[in-house]
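So you know, we letter chains A, B, ... as the sequences are listed, proteins then strands, and number each from 1. Side chains are part of it too, since the values below use all heavy atoms of this structure and drop only hydrogens, waters and symmetry mates.
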Protein chains: 4
Amino acid sequence: MATRRGRPRSEAVRSAVLAAAADLARHGGPGAATIDAIARRAEVSRTTIYKWWPSAAAIVLEGLLDSVRESIVRPPGSTTVQALIHHVGALNAILADATVGPLLRNVMSAAAGDPAIQAALLERWIEPRRAAVVTALRDAVAAGELDAGTDIEVVVDALVSPPYYRLVFGMPPLSDEAVTALVDTVWRGCV
Amino acid sequence: MATRRGRPRSEAVRSAVLAAAADLARHGGPGAATIDAIARRAEVSRTTIYKWWPSAAAIVLEGLLDSVRESIVRPPGSTTVQALIHHVGALNAILADATVGPLLRNVMSAAAGDPAIQAALLERWIEPRRAAVVTALRDAVAAGELDAGTDIEVVVDALVSPPYYRLVFGMPPLSDEAVTALVDTVWRGCV
Amino acid sequence: MATRRGRPRSEAVRSAVLAAAADLARHGGPGAATIDAIARRAEVSRTTIYKWWPSAAAIVLEGLLDSVRESIVRPPGSTTVQALIHHVGALNAILADATVGPLLRNVMSAAAGDPAIQAALLERWIEPRRAAVVTALRDAVAAGELDAGTDIEVVVDALVSPPYYRLVFGMPPLSDEAVTALVDTVWRGCV
Amino acid sequence: MATRRGRPRSEAVRSAVLAAAADLARHGGPGAATIDAIARRAEVSRTTIYKWWPSAAAIVLEGLLDSVRESIVRPPGSTTVQALIHHVGALNAILADATVGPLLRNVMSAAAGDPAIQAALLERWIEPRRAAVVTALRDAVAAGELDAGTDIEVVVDALVSPPYYRLVFGMPPLSDEAVTALVDTVWRGCV
DNA sequence: TTCTAATCGAGACGGTACGTCAGGTCTTCTC
DNA sequence: GAGAAGACCTGACGTACCGTCTCGATTAGAA
């Protein structure tokens with residue numbers, strides 16, 4: 001197979017850009033993470049950034065997905081409720097994290113005006129995480145723990161949307177007890 | 001009684017600005033509703049806009065609050081579950097509305113970078129609507145329908161956050177059946 | 001004869017406006033003496049200013065003419081040369097004055113873009129002062145001191161333009177000795 | 001030799017800006033030659049103009065210095081008086097010129113409020129022209145034509161300030177005869 | 001080694017929007 | 001009727017960032 005001719009893409013540039021964007025987005029909020037500012041801080045030319053990313057939000061999103069790479073895995077040997085508590089708790093912890101939270105908030109904000117960001121966010125952030133919950137619930141249905149008529153999408157919504165809601169509106173994140181109460185309540189309402 | 005000195009504020013200007021901002025925000029999304037564009041469309045001078053509003057998002061928010069003035073009221077003679085279904089259904093309908101939804105989405109987006117918008121949105125949009133649900137649930141606790149140990153904030157989160165979640169991530173809004181299922185599930189989990 | 005109806009014009013307003021304009025023009029240069037700034041400092045409404053003056057420069061000019069009201073008079077019993085030295089010296093002193101100089105400079109600057117100021121400056125500032133010199137020179141011609149063929153306008157130009165020239169280009173003003181040398185030279189060139 | 005990096009500066013842009021500024025300043029006077037108007041007429045972006053010039057007056061000045069590049073040279077074999085007549089006549093012609101005069105007038109006007117323009121005007125317009133006259137007079141002193149005690153600066157003032165004076169106050173320019181009379185008078189007053 | 005293709009950097013340029021300031025005009029109330 | 005108070009429009013200001021562009025400098029594999 002023919003290796004690419006020409007100068008290879010610099011990995012140093014990529015990581016410097018992602019780090020700069022994350023720094024700027026974390027502090028200073030959106031509006032701070034402009035392409036100009038990222039280029040200045042990363043000491044990378046604007047031209048180069050435009051060659052690889054379509055927008056500042058895309059950079060922040062890429063950095064976000066890079067930094068939160070490990071998916072939430074079901075603890076082995078856990079009951080369904082334990083698995084759900086673990087998942088919602090982990091999600092809640094990520095969104096409450098001082099590093100990740102503001103980044104995600106920025107990207108969500110940018111998604112309102114950029115269909116490409118919107119789609120990428122849905123496909124690469126939301127869907128994988130929902131899928132894990134859906135799987136757990138389907139397994140519970142298959143195991144007879146849950147009624148077959150349960151509307152799984154609605155249950156997932158009830159479980160995962162509160163952490164986003166509180167992040168978006170600047171409310172304090174859910175405590176661990178609140179997470180437990182949330183999952184318990186929804187679970188009891190299903191069985 | 002002291003009448004106001006000077007030329008009175010033009011109501012025509014205010015409504016033209018709000019209408020223009022709403023139009024622009026609905027189509028074109030955020031980024032379209034700039035102060036410049038609003039001024040052009042409303043045929044109002046930029047200076048005047050700056051005199052009365054601090055930002056484009058503030059205009060959109062004011063128009064939003066103006067257009068959705070009537071609060072969601074509990075139907076007389078309704079049971080708690082019926083009242084909750086009515087409330088969540090009404091909220092869901094508002095967020096799914098092709099006029100209001102995009103506007104709120106824009107304002108939520110702007111809130112990420114503007115603490116004033118953030119605070120106004122929380123105080124003038126979120127709190128009043130949460131309060132109605134909280135009241136219904138407290139009444140239910142007082143009537144012995146609900147356990148006194150119920151974490152009401154968590155229950156409210158589970159009920160109201162899904163419509164916002166779906167709006168923000170561009171997912172299809174909840175159907176009426178889904179709303180009913182959501183309320184039923186959460187309610188059964190509480191009692 | 002019928003006295004004027006209605007509230008009489010406030011002299012306090014006029015003098016406050018003139019004083020404010022002079023203050024602003026002296027320090028801060030032109031660009032500082034805007035109608036807005038004058039109104040603020042004089043604590044007079046902008047409307048009132050617009051009613052009485054056509055522009056900021058007109059205010060400064062009026063204040064200038066007010067403050068330099070006494071014309072330059074020929075010392076009694078003086079020879080022509082003495083009279084000319086007195087006149088040019090007095091003019092030079094006025095233009096070098098820290099109060100009057102900057103004001104006149106501002107008005108000259110404004111005259112470039114405002115024909116009304118241009119005309120008023122010529123008629124009410126330049127002409128009267130030139131006339132005094134012209135009279136002295138005509139008297140000298142009549143007395144046979146000066147040749148009848150002398151181009152008086154040219155001689156006046158040579159005598160009075162240097163102080164303006166130095167003011168406009170920000171050069172140091174003429175010293176008293178320089179004034180004497182100037183008049184002596186021109187005078188000797190005429191006889 | 002290090003060649004310049006980056007896209008080279010467009011000479012077309014520079015000349016278009018200078019031409020547009022000159023046109024606007026000539027007709028319409030100062031106040032017409034705003035950065036906005038220059039940008040519109042030159043079809044150049046405002047940003048670019050701001051990158052290269054600090055103010056509209058600086059543009060007009062640069063155009064002025066560009067257009068009047070050739071300095072006034074002493075005609076070979078001329079006597080001192082002839083040289084002075086030539087110089088003052090040439091200066092007078094430049095200031096009376098319908099193209100250059102208004103431009104210089106604008107710049108002089110702007111100099112009143114802008115120390116940078118003031119300094120540039122003095123250094124790049126006034127000083128070089130004065131220097132030529134000073135040289136001619138010093139030569140005359142060295143040749144014994146002029147008394148060693150002559151105050152040369154005063155003589156230069158008397159010779160060159162009238163054309164500026166008449167330009168600034170909107171008086172008709174000196175005729176050639178008046179120029180001759182002026183130089184003759186001053187010269188006779190010196191010897 | 002030299003050619004060739006790509007990345008990267010530097011910087012000019014045309015735009016759009018920002019938020020502010022001043023100039024003027026108009027409307028309303030008070031003295 | 002003079003003056004104050006203030007709303008409104010127009011237009012220019014200087015700045016920030018956008019996205020595009022033209023260059024030169026650099027870094028590799030391929031000829």
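Counting heavy atoms from C-beta on, the side chains of Trp125(D) and Val107(D) never come closer than 4.5 Å. With a 4.5 Å cut-off on side-chain heavy atoms, Gln118(A) and Leu121(A) do not count as touching. In this structure, the side chains of Leu104(B) and Leu61(B) stay at 4.5 Å or more apart for every pair of heavy atoms.
In this structure, Lys51(D) places its NZ atom 12 Å from P of dA16(F), rounding to the nearest Å. Rounded to whole Å, the distance from OH on Tyr50(D) to P on dA16(F) is 13 Å. The CG-C1' distance, from Asp114(A) to dC18(F), rounds to 14 Å in whole Å. When the C1' atom of dA12(E) is taken as reference, atom CD of Glu11(D) falls 14 Å away, rounded to whole Å. We find that CD1 of Ile49(D) is positioned 9 Å from P of dG14(E), with the value rounded to whole Å. Between the CZ atom of Arg5(D) and the P atom of dG9(E) there is a distance of 10 Å, rounded to whole Å.
Note that Arg14(A) lies outside the cation-pi zone of Trp53(A), set by a 6.0 Å cut-off to the ring centre and a 45° limit from the axis.
For Thr48(C), a side-chain nitrogen or oxygen approaches OP1 or OP2 of dA4(F) to under 4.0 Å.
Closest contact between the side chain of Pro8(D) and the listed nucleotides dA4(F), dT22(F), dC13(E) involves dT22(F).
Axis angle between the ends of the helix from dT1(E)-dA31(F) to dC31(E)-dG1(F), five pairs each and rounded to 10 degrees, works out to 10°.
Screening residues 17-31 of chain C for side chain to side chain donor-acceptor pair (under 3.5 Å) gives Asp23(C)-Arg26(C), Asp23(C)-Arg41(C) as the qualifying pairs, with residues at least two apart or on separate chains. For residues 102-112 of chain A, no residue pair satisfies the salt bridge (charged side-chain N to carboxylate O under 4.0 Å, His left out) rule, not counting sequence neighbours.
Using a 4.0 Å cutoff on non-hydrogen atoms, the parts of residues 35-47 of chain C near DNA chain F are Val44(C), Ser45(C), Arg46(C), Thr47(C), ordered by number.
Two residues, Gly31(B) and Ser10(D), neighbour DNA chain E, and the one matched to the more 5' nucleotide by heavy-atom proximity is Ser10(D). Projected onto DNA chain E by closest heavy-atom contact, Trp52(A) and Arg9(D) fall at different nucleotides, the more 5' of which corresponds to Trp52(A). If you find the closest nucleotide of DNA chain F to Ser55(A) and to Gly6(D), the one lying nearer the 5' end belongs to Ser55(A).
A donor-acceptor contact under 3.5 Å is formed by the side chain of Arg7(B) with the base of dC26(E).
Contacts of Ala57(B) classified as side chain to side chain contact (heavy atoms under 4.5 Å, CB included), with partners at least two apart in sequence or in another chain: Ser55(B), Ala110(B), Ile117(B). In terms of the side chain to side chain contact (heavy atoms under 4.5 Å, CB included) criterion, residue partners of Thr47(A) (sequence neighbours excluded) are, by chain and number, Ser45(A).
Enclosure of atom CD in Glu11(D) by more than 12 non-hydrogen atoms of other residues, nucleotides or ligands within 6.0 angstrom is indicated.
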